[in-house]
Q: 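Below is one structure. I have some questions about it.
No hydrogens, no waters, no symmetry mates; every other heavy atom, side chains included, goes into these values. Each ligand, and each atom within it, is numbered from 1 in the order the structure gives.
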Amino acid sequence: MFTSIAGRAVVVTGGTRGIGKGIARVFAGAGARVLITGRDEDAAKGTVAELSEGGGEAAYVLGDVSRRDDCARIAATATERFGGIDVLCANAGIFPSATLAEMTDEDIDGVLGTNLKGTILSVQACLPALAASGRGRVILTSSITGPITGFPGWSHYGASKAGQLGFMRTAAIELAASGITVNAVMPGNVVTEGLADLGDDYMAQMTSSIPLRRLGTVDDIGYTALFLASDEAGYITGQTIVVDGGQVLPESLAALDG
Ligand code: NAP
C-alpha cells in the first residue's frame, strides 16, 4: 500500500477541464485538497462543483499561467487556503496547429508563453511553499509530441513540450536540496475537450496507431501523476513517464498489422 496523500495541498494548473480536471479528480478522490486554475470561470466553477459532489475538497482561482502576477496569485491563494503547497501539477497547455510556413510571431509566443514560460513561472511561484512542505512534488504535463515524435502543424508545440523537459532536468538538480522532486508525464493522445477539437478523423487516425487500440483517458494521466506525488516515488526526480498505450513503439504501420 502507498502512504495516503490525504490532506496534502495540490495545485493543478489548467484544471478546469481535460487532463488537468482528471488529475484534480484523482487527487481529490485520494483525499487531497485541490486548487484548480484556468481562465474560464464557468468551467472552473463546474469542475469544483463536480469534485465537491464526489466528496473531495476543491477550490479554484482564475489565472493565466503565462503571467507572473497571476502565478504569484495562484500560489498565494493555495497558501492562504490550504496553509501551503505540497504538489504542483503544471499542466496548463494549448495546442493550436500552424505549419512552419504560415506560423506567426503570435502563434509562437502564444504556445511558448503558455506551455513553456507558463511552466517555469508556475514552478517559480510555488517554490517557497513547495520547499516549506519538505516533500514538495512538481509534476509537469509534457507530451510525446516534441520529446519523441513529431506531427505536422505542431513544431512550436513540440518545441514547448521538449523545452519543458530541458527545464525539468536542471530544475530537478536545483530543487533537490529543498527536498522537491520534479518529474514529467508524457501523454500520448488523451481524450479531452482540447483533443476533441481536432476532430473525429484525427482521433480515429490516432487510435489506429496505438498498439493498445484505444486513446488515453484523463485517469490514465491522473494516476501516473498520483504515483509521482506519492512518498514512495520520493527518490525519483528529473524523470519522464510515457503514458501512451505504446504509441511511440511501432517502427512502421506494418508493425501494427495483425
Ligand atoms: P484542454 O482540454 O484544452 O485543457 C487545457 C487546460 O489548460 C484548460 O483547463 C485551460 O483552462 C488551461 N489553460 C490553457 N491556457 C491557459 C493559460 N494561459 N493559463 C491558464 N490555464 C490555461 O487540453 P488537454 O488536452 O487537457 O491538455 C492539457 C495538457 O496536456 C497540455 O499541457 C497539453 O499539452 C498536454 N497534452 C495533452 C494531450 C492530449 O492528447 N489531450 C497529449 C499530450 C499532452 P481555461 O480554458 O480555463 O483557461
Side-chain angles (χ1 to χ4, degrees), residues 11-25 34-48 50-51 60-71 73-75 88-97 109-122 125 139-151 154 156-165 167-168 184-199 202-203 205-207 209-210 214-222 224-225 240-245 247-248:
V11 174
V12 183
T13 71
T16 58
R17 64 180 212 171
I19 289 176
K21 180 176 170 179
I23 292 173
R25 194 168 50 222
V34 181
L35 180 75
I36 62 157
T37 78
R39 298 154 305 166
D40 177 342
E41 185 150 33
D42 288 343
K45 280 183 178 161
T47 297
V48 165
E50 226 179 276
L51 298 177
Y60 75 88
V61 58
L62 297 182
D64 180 338
V65 292
S66 66
R67 300 173 61 90
R68 186 177 288 280
D69 290 355
D70 286 14
C71 289
R73 193 158 40 76
I74 291 164
L88 167 67
C89 296
N91 164 82
I94 54 173
F95 36 94
S97 180
D109 291 344
V111 168
L112 292 178
T114 296
N115 298 4
L116 184 52
K117 186 179 175 192
T119 296
I120 298 172
L121 291 182
S122 50
I139 297 143
L140 311 180
T141 307
S142 175
S143 178
I144 57 170
T145 310
I148 303 178
T149 63
F151 198 90
W154 281 333
H156 53 350
Y157 175 77
S160 74
K161 293 285 138 179
Q164 285 180 302
L165 302 186
F167 162 75
M168 173 189 76
V185 181
M186 297 163 70
N189 283 270
V190 177
V191 181
T192 63
E193 294 88 333
L195 195 82
D197 289 345
L198 302 175
Y202 174 86
M203 302 232 278
Q205 199 185 25
M206 285 302 141
T207 307
S209 71
I210 299 169
R214 68 167 177 86
L215 298 174
T217 66
V218 295
D219 277 357
D220 291 326
I221 310 306
T224 307
T240 58
I241 300 185
V242 174
V243 184
D244 73 341
Q247 190 171 356
V248 299

Q: From the options Thr224, Asn91, Thr119, select the one residue that forms a side chain to side chain donor-acceptor pair (under 3.5 Å) with Thr141.
A: Asn91
Q: What protein heavy atom sits nearest atom 18 (N) of ligand 1, and how far off is it?
A: Asp64 OD1, 2.9 Å
Q: Determine whether the side chain, the backbone, both or neither of Asn115 has a heavy atom under 4.0 Å from any heavy atom of ligand 1.
A: neither
Q: Does the distance from a Lys or Arg side-chain N to an Asp or Glu carboxylate O, for Asp70 and Arg73, drop under 4.0 Å?
A: yes
Q: Could you tell me the residue and atom name of the protein heavy atom closest to atom 3 (O) of ligand 1, and the distance to it rounded to 0.1 Å?
A: Arg17 NH2, 2.7 Å
Q: Taking both backbone and side-chain atoms of Val65, is any N or O found less than 3.5 Å from an N or O belonging to ligand 1?
A: yes
Q: For ligand 1, which atoms, with element, lie under 4.0 Å from some heavy atom of Asn189?
A: 40 (O)
Q: Before you tell me yes or no, could you show the steps for Lys45 and Val48 under side chain to side chain contact (heavy atoms under 4.5 Å, CB included), namely the whole-Å CA-CA distance, both residues' side-chain angles and the distance that decides it to 0.1 Å?
A: CA-CA 5 Å; Lys45 280 183 178 161; Val48 165; 5.9 Å; no
Q: I'd like to check whether Val190 has a polar contact with ligand 1, where a contact means an N/O of the residue lying under 3.5 Å from an N/O of the ligand.
A: yes
Q: Report, in ascending order of atom number, the atoms of ligand 1 lying under 4.0 Å from any heavy atom of Gly93.
A: 5 (C), 7 (O), 14 (C), 31 (C), 32 (O)
Q: To which of Leu215, Asp42, Asn91 does the heavy atom nearest atom 29 (C) of ligand 1 belong?
A: Asn91
Q: Hey, which atoms in ligand 1 end up nearer than 4.0 Å to a heavy atom of Asp40?
A: 45 (P), 47 (O)
Q: Students should be able to answer this: which protein heavy-atom is nearest to atom 27 (O) of ligand 1, and at what distance?
A: Phe95 CE2, 3.7 Å
Q: Could you tell me the residue and atom name of the protein heavy atom closest to atom 21 (N) of ligand 1, and the distance to it rounded to 0.1 Å?
A: Ala92 CB, 3.6 Å
Q: Under 4.0 Å, counting heavy atoms only: does Gly22 come that close to any atom of ligand 1?
A: no
Q: Please identify which atoms of ligand 1 are closer than 4.0 Å to at least one heavy atom of Gly63.
A: 19 (N), 20 (C)
Q: Working note: Phe95 + Ser143, criterion side chain to side chain contact (heavy atoms under 4.5 Å, CB included); need CA distance, chi angles, decisive distance, verdict.
A: CA-CA 11 Å; Phe95 36 94; Ser143 178; over 6 Å; no
Q: From the options Gly188, Gly194, Ser143, Gly113, select the one whose nearest heavy atom is closest to atom 38 (C) of ligand 1.
A: Gly188
Q: Flag the pair Asn115 / Ile94 as yes when at least one side-chain heavy-atom distance between them is below 4.5 Å, and no otherwise.
A: yes
Q: Please check whether Arg39 reaches ligand 1 - meaning an N/O of the residue sits under 3.5 Å from an N/O of the ligand, judged on distance alone.
A: yes
Q: For Ala92, does its backbone N or O pair with a side-chain atom of Thr13 as donor and acceptor, under 3.5 Å?
A: yes
Q: What protein heavy atom sits nearest atom 10 (C) of ligand 1, and how far away is it?
A: Thr16 OG1, 3.9 Å
Q: Taking the non-hydrogen atoms of Met186, is any one of them nearer than 4.0 angstrom to ligand 1?
A: no
Q: Would you say Lys161 and ligand 1 have an N/O pair spaced under 3.5 Å apart?
A: yes
Q: Side chain to side chain contact (heavy atoms under 4.5 Å, CB included) for Lys117 and Leu112? Distances and angles first, verdict last.
A: CA-CA 6 Å; Lys117 186 179 175 192; Leu112 292 178; over 6 Å; no
Q: Check if Ser142 has a non-hydrogen atom at a distance under 4.0 Å from any atom of ligand 1.
A: yes
Q: Given side chains that start at C-beta, do those of Met186 and Val248 come closer than 4.5 Å, heavy atoms only?
A: no
Q: Looking at ligand 1, does any of its N/O atoms fall within less than 3.5 Å of an N/O of Tyr157?
A: yes
Q: To the nearest 0.1 Å, how far is atom 24 (P) of ligand 1 from its closest protein heavy atom, and which atom is that?
A: Thr192 OG1, 3.7 Å
Q: So, the side chain of Ser209 versus the backbone of Met206: is there a donor-acceptor pair under 3.5 Å, distance only?
A: yes
Q: Which atoms of ligand 1 are found less than 4.0 Å from any heavy atom of Leu195?
A: 40 (O)
Q: For Thr217 and Asp219, test the side chains for any donor-to-acceptor distance below 3.5 angstrom and give the result as yes or no.
A: no
Q: I'd like to check whether Ile19 has a polar contact with ligand 1, where a contact means an N/O of the residue lying under 3.5 Å from an N/O of the ligand.
A: yes
Q: Is there a donor-acceptor contact under 3.5 Å from the side chain of Ser142 to the main chain of Lys161?
A: yes
Q: Decide yes or no on side chain to side chain contact (heavy atoms under 4.5 Å, CB included) for Leu165 and Leu140, but give the supporting numbers first.
A: CA-CA 9 Å; Leu165 302 186; Leu140 311 180; 5.6 Å; no
Q: Compute the shortest N/O to N/O distance between Thr37 and ligand 1 and return yes if it is under 3.5 Å, no if not.
A: no
Q: Answer yes or no: does an N/O atom from Gly14 fall short of 3.5 Å to an N/O atom of ligand 1?
A: yes
Q: Does some non-hydrogen atom of Thr141 fall short of 4.0 Å from ligand 1?
A: yes
Q: I need the single residue from Asp244, Leu215, Val218, Leu195 that forms a side chain to side chain contact (heavy atoms under 4.5 Å, CB included) with Val190. Which is it?
A: Val218
Q: Does only the side chain of Thr114 get under 4.0 Å from ligand 1, or the backbone, or both, or neither? Count heavy atoms.
A: side chain
Q: Considering only heavy atoms of Gly18, which atoms of ligand 1 have at least one such atom less than 4.0 Å away?
A: 2 (O), 26 (O)
Q: Using modelled atom types only, decide if a donor and an acceptor are shared between the side chain of Thr16 and the backbone of Ala43 within a distance under 3.5 Å.
A: no
Q: Which atoms from ligand 1 have a heavy atom of Ile94 less than 4.0 Å away?
A: 14 (C), 15 (N)
Q: Provide the closest heavy-atom pair for Gly15 versus Ile36 in the form atom of the first, atom of the second, distance.
A: O-CD1, 3.7 Å
